[in-house]
Amino acid sequence: MRKGTRLRLVLRDLGSGFAFASMAVSGQLPIWSLVLYGVALVVALAGRRPFANRVTLTALLLLAVALTLGTNVLAGSLNLVVAACAFAGLISAQRLLSTPDAATDGQVHLSGLLMVAGGAALSGELVYGLFLIAFGVLASIALALGVVESAVPEGEPVPVRAVMGPLATGVGFAVLGAVAFFILFPRLNWNMIGPSASPGLGVATAGFSNTVRLGGAGTIKGNPRIVLRATLSPDPEKEALDAYWVGRTYDVFDGMEWSNARATSDGSESMTTLRPGRENLIHQRVELMPAYGARTLVALETPSRLGNAVANTQVGSRRTQIHELGGGEVRFRDSGISYSYEAYSLPPGASGDDIQDLPPEEQDALLSLPEGLDVRVGQTAARVLNGERDPLAAARKLSAWLQREYSYTLELSGDVPDPVADFLFQRKQGHCEHFATALTLMLRTQGMRARLATGFFGGERVTGGYVVRAGDAHAWTHVLVPGRGFITVDATPPAHRASQSPRLLEQLINFYEVVESQWRDVVLDYNFRDQLTVVRSLTRSHEVPKKDEPPSRAPPPRAFGAALLAAAAAYTAWRLLTQFLSRERPLEATRFADAVEAQLASARITRVDGETLEALDARLARERHPLSPALAPVARRYLEARFGGRPLQQGEAARLLTDLRRAVLTESQRVASEGTRPPQARAS
């Protein structure tokens, strides 16, 4: 393998690897396809091509895989887009391990294009965009090196250093052109044909179900993905909000799971009222991020009204209706990648709910106990309360006792027959659901109404608002206090209520989330309306005219500044384009080669089919032809002008042709004087 070829193959293989990664980042490809392609890429980068002598066998294996994938698609067990992407990866892997000739190179690059198209259908997220750029750069350089390599005579090294500079410049202009294209033209979200949306860094982990089941490990506490962004009015301007964001409450416990006594309603509306509002409501503009992975609206305790929702889907954003379910849960009617909506909540304190306003089945459920509840639960509660009968004081007393006597852990062995008794009397360790369940049931054993609430706890201040992470998922207790309604009492130790993920990881996720948000706004969702908004922001004045003063129709100063910048950019582009068009382009070198060939033909020296000028020069040198010394500098200068980034200077081509013509004439005279025919170089 000659110098330069190895570099070209490494760039080609790496480009294919980035194309495959643009699909794999969606998290939807089968595991076996990831493993097979990964092994093939490592073997190819090591310079091994084990399929070079097994073309027929590997082609038959690919056919068998195609039939298997097709069968799975027809059976409904595999999505068509996912199956096509997985098969494109296998084709590319087979080509990477085959003989690296010109045909294989083209097939590797073509399969790379198919894979990035598949990646656009599956994801289109920020990481996909980075892999797409990497593929474009590496594949472009590999293709250009392949062209240069084919023009260099066999046995001679490829002038890699000479061509890398012009190639890098060309690729840089191509990237800038692509950026300009993205800014100037609106675009569609290509993943509209994909099977589902991807949250970018893997599957969503937060969410709400119809039940809460005790037991298992609480690994979600270590998840730093941002699931909620919100702006508050009035803004408390705290770095750590320490607020409860409620999604749903539960009132029935069967010993293993929490559920609701009230049935789901069927109505839909754009704005729903859960309880009467007051003048000092806290307004929230909430955005649920793709990592949220559920359709339940979340709001600060205690929500009064929720609505004006918009669902962001793969084909754009649209208004969506909401409907109320049991437990005060409100859900979006339509599914989407992310959501935005408005919410109004009462100030922290009490809900104001009256027991008489609750449905009868819910009033009864607030005192219900599971069958077979361990008698020690009630005995322990009575012993700790020691005659305390006020519901709020009792809840706080039991909460303090639980925080003092029990420890927090996310490492649980799994389901046990009686998780409450196991937590209170065996392990004496648990996470927030165990603490909240124990407090709720202990209150009920003493005749005090209580229920379980789930949602998030926390809120980290960012520019202009607050973010909540998946690791902030939490459960707590609502105790019903006569005259005040439901009041939050949290039995979980305070240090373990919010996310448990490392701070450095949270900062890295913050950075990624900000860039991803910009990618979604500026790239994926960029449309004509956004363009008009940008133009209007430059041409319209934001200043409020003074009283009794007519509004000015003159453009603001920034409009003139933008016009000057645009004019400067246009002038610079025109100068660069003029210089580019006026320089001697590679086509001049091609015409120069044609003129050299015509002069050699006059000396009865012609090139055989497929023979380059450099190869002809090498052949004449081997034959010790008299014209070889005159042709060598001409051929070298042609190679530099054609591939080395050194175009022919003004008059240089004519001077070289004159020298060659003079040498041909001298040789012709010498042959004539000797009475012999000049040497024939036709045969090789």
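All of these numbers come straight from a predicted model, not from anything done at the bench. Along the sequence shown, the residues carry numbers beginning at 1.
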Open item on the list: Measuring only between side-chain heavy atoms, which start at C-beta, is Val298 closer than 4.5 Å to Tyr292?
Closed with: yes
Open item on the list: Measuring only between side-chain heavy atoms, which start at C-beta, is Pro391 closer than 4.5 Å to Leu443?
Closed with: no
Open item on the list: Could you check whether any side-chain N or O of Asp354 sits under 3.5 Å from a backbone N or O of Asp357, counting only pairs where one atom can act as donor and the other as acceptor?
Closed with: no
Open item on the list: Can you confirm whether Leu228 sits close enough to Val286 that some side-chain heavy atom of one is under 4.5 Å from a side-chain heavy atom of the other?
Closed with: yes
- [ ] Measure from the side-chain N and O atoms of Asn260 to the backbone N and O of Thr249, and report whether any donor-acceptor pair falls under 3.5 Å.
- [x] yes
Task: Heavy-atom check, side chain of Phe486 versus side chain of Leu366, under 4.5 Å - done: yes
Task: From Thr437 atom OG1 to Glu257 atom CD, the distance as rounded to the nearest 0.5 Å - done: 11.5 Å
- [ ] Any chance you could lay out the side chain to side chain contact (heavy atoms under 4.5 Å, CB included) test for Asn308 and Arg319, step after step, and finish with the verdict?
- [x] CA-CA 8 Å; Asn308 296 330; Arg319 290 277 183 183; 3.8 Å; yes
TODO: Mind checking the CG-CE spacing from Leu369 to Met442? Nearest 0.5 Å is all I need.
DONE: 12.0 Å
- [ ] May I have the step-by-step check of side chain to side chain contact (heavy atoms under 4.5 Å, CB included) for Arg484 and Leu392, ending in yes or no?
- [x] CA-CA 10 Å; Arg484 299 181 61 185; Leu392 182 56; 3.6 Å; yes
Task: Separation between OG of Ser33 and CE of Met23, rounded to the nearest 0.5 Å - done: 7.5 Å
- [ ] Return the minimal non-hydrogen interatomic distance between Ser368 and Ala365, and the atom names on each side.
- [x] OG-O, 2.8 Å
TODO: Measure the shortest side-chain to side-chain distance between Phe131 and Val116 over non-hydrogen atoms and say whether it is less than 4.5 angstrom.
DONE: no
Task: Leu325 side chain reached by Val330 side chain, heavy atoms, under 4.5 Å - done: no
Task: Phe332 six-ring face occupied by Arg295 cation (under 6.0 Å, within 45°) - done: no
Open item on the list: Checking the side chain of Gln363 only, and the main-chain atoms of Leu358 only, is there a donor and an acceptor separated by less than 3.5 Å?
Closed with: yes
TODO: Identify the residue among Leu300, Ile282, Thr302, Thr488 that makes a side-chain contact (heavy atoms from CB on, under 4.5 Å) with Pro348.
DONE: Ile282
Open item on the list: Tell me the closest heavy-atom pair linking Leu424 and Tyr406, and the distance in Å.
Closed with: O-OH, 2.7 Å
- [ ] Write down the atom of Ala491, the atom of Leu402, and the distance for their closest heavy-atom approach.
- [x] CB-CD1, 3.8 Å
TODO: Give the minimum heavy-atom separation between Phe423 and Gln429, together with the two atoms involved.
DONE: CD1-O, 3.2 Å
TODO: List for me each residue that meets salt bridge (Lys or Arg N to Asp or Glu O under 4.0 Å) alongside Arg461, sequence neighbours excluded, and say none if there are none.
DONE: Asp235
Task: side chain to side chain contact (heavy atoms under 4.5 Å, CB included) between Asp490 and Tyr244, worked out - done: CA-CA 10 Å; Asp490 196 344; Tyr244 290 89; 2.7 Å; yes
- [ ] Ignoring hydrogens and angles, tell me if any N or O in the side chain of Tyr466 forms a donor-acceptor pair with the backbone of Lys238 under 3.5 Å.
- [x] yes
TODO: With sequence neighbours left out, write down each residue that passes side-chain contact (heavy atoms from CB on, under 4.5 Å) with Arg285, or none if nothing qualifies.
DONE: Thr231, His283, Glu342
Open item on the list: With a 3.5 Å distance limit and no angle check, can you tell me whether Asp472 reaches the backbone of Arg469 through a side-chain donor-acceptor pair?
Closed with: yes
Task: Check: Thr320 main-chain N/O paired with Arg333 side-chain donor or acceptor under 3.5 Å - done: no
Task: Spacing of CG belonging to Leu69 relative to CG belonging to Leu74, to within rounding of 0.5 Å - done: 11.0 Å
Task: Reported CG-to-CG distance for the pair Asn79 and Asn72, which is rounded to 0.5 angstrom - done: 12.0 Å
- [ ] Given side chain to side chain contact (heavy atoms under 4.5 Å, CB included), test Phe18 with Leu130 step by step and report yes or no.
- [x] CA-CA 9 Å; Phe18 279 111; Leu130 298 178; over 6 Å; no
Task: Main-chain N/O of Leu480 paired to Arg451 side chain as donor or acceptor, under 3.5 Å - done: no
- [ ] Check for a donor-acceptor pair, side chain of Ser22 on one end and backbone N or O of Ala19 on the other, with a separation under 3.5 Å.
- [x] yes
Task: Side-chain heavy-atom pair Leu29, Cys85 within 4.5 angstrom cut-off - done: yes
Open item on the list: Has Ser399 got a side-chain atom pairing as donor or acceptor with Ala395's backbone, closer than 3.5 angstrom?
Closed with: no
Task: Minimum heavy-atom distance between Gln284 and Ser345, given as atom pair plus value - done: NE2-OG, 2.8 Å
TODO: Look at the side chain of Thr477 and the backbone N and O of Ala436, then say whether any donor-acceptor pair between them is shorter than 3.5 Å.
DONE: yes
Task: For Arg275, all residues meeting salt bridge (Lys or Arg N to Asp or Glu O under 4.0 Å), sequence neighbours excluded - done: Asp353
Task: Atom of Gly430, atom of Phe435 and distance for their closest heavy-atom approach - done: O-CE1, 3.4 Å
Task: Ring centroid separation Trp476 to Phe457 under 6.0 Å - done: no
TODO: Please round to the nearest 0.5 Å and tell me the distance separating atom OH of Tyr344 and atom CG of Leu306.
DONE: 10.5 Å
Task: Side-chain heavy atoms of Asp254 within contact of Val252, under 4.5 Å - done: no
